[in-house]
Amino acid sequence: KAGVTQTPRYLIKTRGQQVTLSCSPISGHRSVSWYQQTPGQGLQFLFEYFSETQRNKGNFPGRFSGRQFSNSRSEMNVSTLELGDSALYLCASSFNRAGGAGAQYFGPGTRLTVL
Amino acid sequence: QQQVKQSPQSLIVQKGGIPIINCAYENTAFDYFPWYQQFPGKGPALLIAIRPDVSEKKEGRFTISFNKSAKQFSLHIMDSQPGDSATYFCAASMGGNEKLTFGTGTRLTIIP
(Lines give C-alpha, C1' and ligand atoms only; values in the text may rest on other atoms or scores of the structure.)
Protein backbone atom coordinates (compact mmCIF):
# COMPACT_ATOMS: atom_id res chain seq x y z
CA LYS A 1 0.00 0.00 0.00
CA ALA A 2 1.16 3.49 -0.72
CA GLY A 3 1.88 5.61 2.32
CA VAL A 4 0.50 8.99 3.28
CA THR A 5 1.36 11.58 0.67
CA GLN A 6 1.55 15.31 1.19
CA THR A 7 1.84 18.10 -1.33
CA PRO A 8 3.64 20.32 -1.79
CA ARG A 9 6.76 19.25 0.08
CA TYR A 10 8.12 22.76 0.38
CA LEU A 11 6.49 26.18 0.36
CA ILE A 12 7.77 29.69 0.79
CA LYS A 13 5.22 32.40 1.51
CA THR A 14 5.26 35.95 2.82
CA ARG A 15 3.48 37.34 5.84
CA GLY A 16 -0.21 38.01 5.28
CA GLN A 17 -0.61 35.44 2.53
CA GLN A 18 -2.62 32.28 2.85
CA VAL A 19 -1.61 28.71 2.07
CA THR A 20 -3.34 25.40 1.39
CA LEU A 21 -1.68 22.07 2.09
CA SER A 22 -2.93 18.73 0.84
CA CYS A 23 -2.85 15.22 2.28
CA SER A 24 -3.82 11.88 0.76
CA PRO A 25 -4.23 9.16 3.40
CA ILE A 26 -3.40 5.49 3.11
CA SER A 27 -6.06 3.72 1.10
CA GLY A 28 -8.90 2.62 3.39
CA HIS A 29 -7.99 5.02 6.17
CA ARG A 30 -10.84 7.32 7.11
CA SER A 31 -9.25 9.45 9.81
CA VAL A 32 -6.83 12.23 8.94
CA SER A 33 -5.03 14.32 11.54
CA TRP A 34 -2.78 17.33 11.14
CA TYR A 35 0.18 18.27 13.32
CA GLN A 36 2.57 21.20 13.42
CA GLN A 37 6.21 20.49 14.24
CA THR A 38 8.60 23.26 15.31
CA PRO A 39 11.91 23.17 17.18
CA GLY A 40 10.45 25.23 20.01
CA GLN A 41 7.02 23.68 20.49
CA GLY A 42 7.62 20.18 19.21
CA LEU A 43 4.76 18.20 17.70
CA GLN A 44 1.38 19.77 18.31
CA PHE A 45 -2.03 18.51 17.26
CA LEU A 46 -4.01 20.82 14.96
CA PHE A 47 -7.20 18.91 14.13
CA GLU A 48 -8.62 15.57 13.06
CA TYR A 49 -11.19 14.74 10.42
CA PHE A 50 -13.26 11.61 10.07
CA SER A 51 -15.89 11.05 7.40
CA GLU A 52 -15.67 14.70 6.34
CA THR A 53 -16.35 15.96 9.89
CA GLN A 54 -13.92 17.64 12.24
CA ARG A 55 -13.89 15.48 15.36
CA ASN A 56 -11.11 17.08 17.37
CA LYS A 57 -9.37 20.40 17.39
CA GLY A 58 -6.18 21.50 19.04
CA ASN A 59 -5.36 24.83 20.58
CA PHE A 60 -4.61 26.87 17.47
CA PRO A 61 -6.17 30.14 16.29
CA GLY A 62 -9.01 30.22 13.80
CA ARG A 63 -6.55 31.10 11.03
CA PHE A 64 -5.88 27.37 10.88
CA SER A 65 -8.67 25.41 9.26
CA GLY A 66 -9.14 22.20 7.40
CA ARG A 67 -11.54 20.00 5.56
CA GLN A 68 -11.88 16.44 4.39
CA PHE A 69 -13.37 15.21 1.16
CA SER A 70 -15.52 12.16 0.50
CA ASN A 71 -12.47 10.20 -0.66
CA SER A 72 -10.80 10.94 2.74
CA ARG A 73 -8.27 13.30 1.21
CA SER A 74 -7.76 16.35 3.40
CA GLU A 75 -6.59 19.90 3.08
CA MET A 76 -5.53 22.41 5.67
CA ASN A 77 -5.49 26.14 5.19
CA VAL A 78 -3.64 28.84 7.04
CA SER A 79 -4.77 32.38 6.42
CA THR A 80 -2.96 35.64 7.17
CA LEU A 81 0.38 33.92 7.62
CA GLU A 82 2.68 34.99 10.43
CA LEU A 83 6.40 34.40 10.80
CA GLY A 84 5.68 31.96 13.63
CA ASP A 85 3.72 29.72 11.28
CA SER A 86 6.98 28.53 9.75
CA ALA A 87 7.01 24.83 10.56
CA LEU A 88 6.81 21.30 9.26
CA TYR A 89 3.15 20.41 8.81
CA LEU A 90 2.49 16.72 9.14
CA CYS A 91 -0.52 14.73 8.14
CA ALA A 92 -1.31 11.35 9.68
CA SER A 93 -3.93 8.81 8.74
CA SER A 94 -5.45 5.89 10.60
CA PHE A 95 -8.17 3.33 10.08
CA ASN A 96 -9.69 4.28 13.43
CA ARG A 97 -11.31 0.97 14.19
CA ALA A 98 -14.03 0.90 16.80
CA GLY A 99 -12.91 0.48 20.40
CA GLY A 100 -9.72 2.43 20.45
CA ALA A 101 -7.33 4.77 18.74
CA GLY A 102 -5.81 3.25 15.65
CA ALA A 103 -2.18 3.32 14.68
CA GLN A 104 -1.42 6.62 12.98
CA TYR A 105 0.91 6.78 10.00
CA PHE A 106 2.56 10.04 9.11
CA GLY A 107 3.39 11.53 5.76
CA PRO A 108 6.72 13.22 4.98
CA GLY A 109 5.32 16.65 5.79
CA THR A 110 5.18 20.04 4.10
CA ARG A 111 7.93 22.44 5.08
CA LEU A 112 6.39 25.93 5.21
CA THR A 113 8.64 28.95 5.44
CA VAL A 114 7.05 32.36 6.04
CA LEU A 115 9.22 35.37 5.16
CA GLN B 1 -2.36 17.23 32.93
CA GLN B 2 -2.20 16.76 29.20
CA GLN B 3 1.58 16.66 29.09
CA VAL B 4 3.83 13.77 28.36
CA LYS B 5 7.31 14.29 29.78
CA GLN B 6 10.19 12.62 27.97
CA SER B 7 13.81 12.13 28.99
CA PRO B 8 16.65 12.33 28.25
CA GLN B 9 16.74 15.08 25.66
CA SER B 10 19.74 13.46 24.00
CA LEU B 11 21.52 10.15 24.36
CA ILE B 12 24.76 8.72 23.01
CA VAL B 13 25.23 4.95 23.12
CA GLN B 14 27.87 2.66 21.72
CA LYS B 15 26.88 0.16 19.05
CA GLY B 16 25.39 -2.95 20.63
CA GLY B 17 24.31 -1.09 23.75
CA ILE B 18 20.72 -0.72 24.97
CA PRO B 19 19.48 2.87 24.90
CA ILE B 20 16.52 3.51 27.18
CA ILE B 21 14.17 6.44 26.71
CA ASN B 22 11.63 7.28 29.38
CA CYS B 23 8.26 8.97 29.36
CA ALA B 24 5.86 9.94 32.14
CA TYR B 25 2.28 11.12 32.02
CA GLU B 26 -0.25 12.54 34.46
CA ASN B 27 -3.59 11.95 32.81
CA THR B 28 -4.82 8.48 33.76
CA ALA B 29 -7.35 8.63 30.93
CA PHE B 30 -4.55 8.01 28.42
CA ASP B 31 -4.94 4.48 27.11
CA TYR B 32 -2.76 4.22 24.03
CA PHE B 33 1.01 4.84 24.03
CA PRO B 34 2.92 4.73 20.73
CA TRP B 35 6.57 5.42 20.02
CA TYR B 36 7.73 7.11 16.85
CA GLN B 37 11.12 7.34 15.15
CA GLN B 38 11.97 10.34 13.02
CA PHE B 39 14.92 10.83 10.70
CA PRO B 40 15.91 14.30 9.48
CA GLY B 41 13.66 15.47 6.64
CA LYS B 42 11.16 12.67 7.21
CA GLY B 43 7.85 12.28 8.97
CA PRO B 44 7.64 10.27 12.21
CA ALA B 45 7.39 6.51 11.68
CA LEU B 46 5.41 4.33 14.07
CA LEU B 47 7.72 1.87 15.83
CA ILE B 48 5.65 0.13 18.46
CA ALA B 49 2.65 0.88 20.68
CA ILE B 50 1.19 -0.42 23.92
CA ARG B 51 -2.06 -0.27 25.85
CA PRO B 52 -2.23 -0.20 29.69
CA ASP B 53 -3.47 -3.79 30.02
CA VAL B 54 0.03 -5.18 29.35
CA SER B 55 3.34 -4.39 31.05
CA GLU B 56 5.67 -5.16 28.19
CA LYS B 57 5.58 -5.49 24.43
CA LYS B 58 8.36 -6.52 22.05
CA GLU B 59 8.64 -6.02 18.32
CA GLY B 60 11.96 -7.01 16.88
CA ARG B 61 14.70 -5.11 18.69
CA PHE B 62 12.25 -2.62 20.23
CA THR B 63 10.60 -3.16 23.62
CA ILE B 64 8.13 -1.00 25.50
CA SER B 65 7.96 -1.38 29.27
CA PHE B 66 4.82 0.04 30.87
CA ASN B 67 4.29 0.80 34.56
CA LYS B 68 0.66 1.79 35.06
CA SER B 69 0.94 2.58 38.77
CA ALA B 70 3.91 4.89 38.21
CA LYS B 71 2.37 6.34 35.04
CA GLN B 72 5.59 5.74 33.17
CA PHE B 73 6.62 3.91 30.05
CA SER B 74 9.95 3.42 28.33
CA LEU B 75 11.48 2.31 25.06
CA HIS B 76 14.43 -0.07 24.97
CA ILE B 77 16.40 -0.72 21.79
CA MET B 78 18.30 -3.99 21.86
CA ASP B 79 21.57 -4.46 19.99
CA SER B 80 21.53 -0.83 18.85
CA GLN B 81 23.03 0.03 15.47
CA PRO B 82 24.29 3.31 13.94
CA GLY B 83 21.21 3.19 11.68
CA ASP B 84 19.05 3.63 14.80
CA SER B 85 20.43 7.16 15.20
CA ALA B 86 17.32 9.32 15.01
CA THR B 87 14.92 11.33 17.16
CA TYR B 88 12.44 9.26 19.14
CA PHE B 89 9.09 10.52 20.38
CA CYS B 90 6.71 8.98 22.85
CA ALA B 91 3.05 9.89 22.62
CA ALA B 92 -0.28 9.20 24.28
CA SER B 93 -3.95 9.37 23.40
CA MET B 94 -7.21 8.57 25.16
CA GLY B 95 -10.61 7.07 24.62
CA GLY B 96 -10.31 6.17 20.96
CA ASN B 97 -9.42 9.78 20.27
CA GLU B 98 -6.90 10.17 17.48
CA LYS B 99 -5.31 13.23 19.08
CA LEU B 100 -1.76 12.32 20.05
CA THR B 101 0.02 14.24 22.79
CA PHE B 102 3.75 13.97 22.11
CA GLY B 103 6.77 14.06 24.33
CA THR B 104 9.54 16.52 23.51
CA GLY B 105 11.73 13.97 21.76
CA THR B 106 15.08 12.27 22.39
CA ARG B 107 17.91 12.63 19.93
CA LEU B 108 19.68 9.26 19.94
CA THR B 109 23.16 8.77 18.52
CA ILE B 110 24.66 5.30 18.21
CA ILE B 111 28.42 5.44 17.79
CA PRO B 112 30.26 2.58 16.02
Side-chain angles (χ1 to χ4, degrees), chain A residues 3-6 9-10 21 23 25-26 29-51 53-60 66 68 72 74 87-111, chain B residues 1-10 21 23-25 27 29-54 57 59-60 62 64 66 73 86-107:
Chain A
V4 177
T5 58
Q6 293 188 244
R9 293 293 312 279
Y10 304 92
L21 313 181
C23 171
I26 292 170
H29 284 190
R30 298 168 63 191
S31 169
V32 174
S33 299
W34 289 88
Y35 293 82
Q36 181 196 66
Q37 185 174 26
T38 60
Q41 299 298 316
L43 280 150
Q44 292 189 289
F45 174 81
L46 280 156
F47 29 65
E48 183 230 351
Y49 287 87
F50 182 84
S51 292
T53 301
Q54 187 182 88
R55 288 202 300 192
N56 292 292
K57 189 177 189 308
N59 189 27
F60 279 82
Q68 187 181 33
S72 293
S74 177
L88 180 67
Y89 289 89
L90 293 157
C91 168
S93 77
S94 72
F95 183 72
N96 192 232
R97 59 182 173 79
Q104 290 192 49
Y105 299 91
F106 282 82
T110 294
R111 172 72 63 185
Chain B
Q1 215 185 10
Q2 295 296 318
Q3 281 187 318
V4 177
K5 295 182 180 178
Q6 183 171 347
S7 62
Q9 189 173 357
S10 63
I21 304 170
C23 285
Y25 62 96
N27 192 338
F30 284 141
D31 60 5
Y32 176 71
F33 303 90
W35 284 90
Y36 285 85
Q37 176 192 59
Q38 187 176 29
F39 292 105
K42 306 287 187 182
L46 178 64
L47 275 177
I48 185 173
I50 199 168
R51 298 190 187 276
D53 52 344
V54 298
K57 183 175 181 180
E59 284 188 8
F62 301 96
I64 299 180
F66 188 85
F73 58 109
T87 300
Y88 291 80
F89 293 92
C90 63
S93 67
M94 68 180 85
N97 190 320
E98 297 297 327
K99 174 185 174 182
L100 288 171
T101 298
F102 281 89
T104 49
T106 296
R107 181 171 291 184

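What you see is a predicted model, and the numbers here were worked out from it, not measured in a lab. All chains are named by letter (A, B, ...) in the order of the sequence lines, taking the proteins before the strands, and each is independently numbered beginning at 1.
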Angle class for the B:Y25/B:F73 ring planes (parallel below 30°, perpendicular above 60°, tilted otherwise)? tilted

Parallel, tilted or perpendicular: which describes the rings of A:F106 and B:F102, with under 30° parallel and over 60° perpendicular? perpendicular

The side chain to side chain donor-acceptor pair (under 3.5 Å) partners of A:S51 (sequence neighbours excluded) come to A:R30

Quick one: what part of [X] sits under 4.5 Å from any heavy atom of chain B, side chain, backbone, both or neither?
| X | result |
| --- | --- |
| A:R9 | side chain |
| A:Q6 | neither |
| A:F47 | neither |
| A:L90 | side chain |
| A:L46 | neither |

Does some side-chain heavy atom of B:C23 sit less than 4.5 Å from a side-chain heavy atom of B:W35? yes

So do A:Q104 and B:E98 actually touch side chain to side chain, heavy atoms under 4.5 Å? yes

Report which part of B:P34 has an atom under 4.5 Å of a heavy atom belonging to chain A: side chain, backbone, both, or neither. neither

By ring pair (Phe, Tyr, Trp, His ring centres under 6.0 Å), B:Y88 pairs with (sequence neighbours left out) none

Under a 4.5 Å heavy-atom cutoff, which of A:G42, A:P108, A:C91 has the most pairs with chain B? A:P108

Option that, when pairs with chain B are counted at under 4.5 Å, heavy atom only, ranks first among A:R111, A:Q37, A:Q44: A:Q37

